[in-house]
Amino acid sequence: MNKRASLIQALQTEMKRAALGTYPACIDSFARLWDYEFGSFDQLPPEIERLVAHRAAELGWMDDV
């Protein structure tokens with residue numbers, strides 16, 4: 001499995017295990033690691049891209065999506 005697929009799978013697994021209130025921390029951690037490893041959010045599956053975009057909007061990093 002390549003690194004991108006592995007990170008995506010790890011996020012999906014973590015989200016299934018996480019309590020509802022900890023979702024933002026899971027998304028934040030994933031986004032930081034993804035950005036560190038790949039430098040952009042290209043090649044994210046649409047459902048993960050939406051999670052990251054909604055979280056960025058919550059934090060005021062971009063306009064609402």
Side-chain angles (χ1 to χ4, degrees):
M1 178 179 309
N2 69 37
K3 191 178 277 191
R4 282 182 169 84
S6 179
L7 286 175
I8 290 166
Q9 183 179 19
L11 174 66
Q12 291 169 332
T13 300
E14 187 64 26
M15 295 288 285
K16 287 178 187 175
R17 293 183 194 166
L20 186 58
T22 63
Y23 281 10
C26 293
I27 296 166
D28 293 351
S29 178
F30 171 83
R32 281 190 299 274
L33 183 56
W34 188 275
D35 185 48
Y36 174 80
E37 291 291 333
F38 306 113
S40 75
F41 293 103
D42 295 339
Q43 300 183 2
L44 279 176
E47 65 276 4
I48 306 259
E49 186 175 357
R50 280 190 297 276
L51 287 173
V52 172
H54 282 284
R55 183 65 181 140
E58 287 175 358
L59 294 171
W61 292 346
M62 60 184 276
D63 295 332
D64 290 336
V65 287

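Side chains are part of it too, since the values below use all heavy atoms of this structure and drop only hydrogens, waters and symmetry mates.
Contact record, Ile48 with Phe30: CG2-CE2, 3.6 Å, taken as the closest heavy-atom pair. In terms of heavy atoms, Cys26 sits closest to Leu11 at O-CD1, 3.9 Å. Considering every non-hydrogen atom in both Ile27 and Val52, the closest pair reads CG2-CA, 4.1 Å.
When the side chains of ILVMFWY residues are joined at heavy-atom separations under 4.5 Å, either directly or via intervening members, Phe41 and Leu59 end up in two distinct hydrophobic clusters.
Residues in residues 28-44 take part in these side-chain hydrogen bond (donor to acceptor under 3.5 Å, both in side chains) pairs, two or more places apart or across chains: Lys3-Glu37, Arg4-Gln43, Asp28-Arg55, Ser40-Asp42.
Judged as a side chain to side chain contact (heavy atoms under 4.5 Å, CB included), and not counting sequence neighbours, the contacts of Ala5 are Met1, Asn2.
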Only distances under 3.5 Å count here; give the side-chain donor-acceptor pairs of residues 12-22 to other protein atoms, sequence neighbours excluded, each with its distance to 0.1 Å.
unit_1 : atom_1 : unit_2 : atom_2 : d
Thr13  : OG1    : Gln9   : O      : 3.0
Thr22  : OG1    : Ala19  : N      : 3.3
Thr22  : OG1    : Ala19  : O      : 2.8

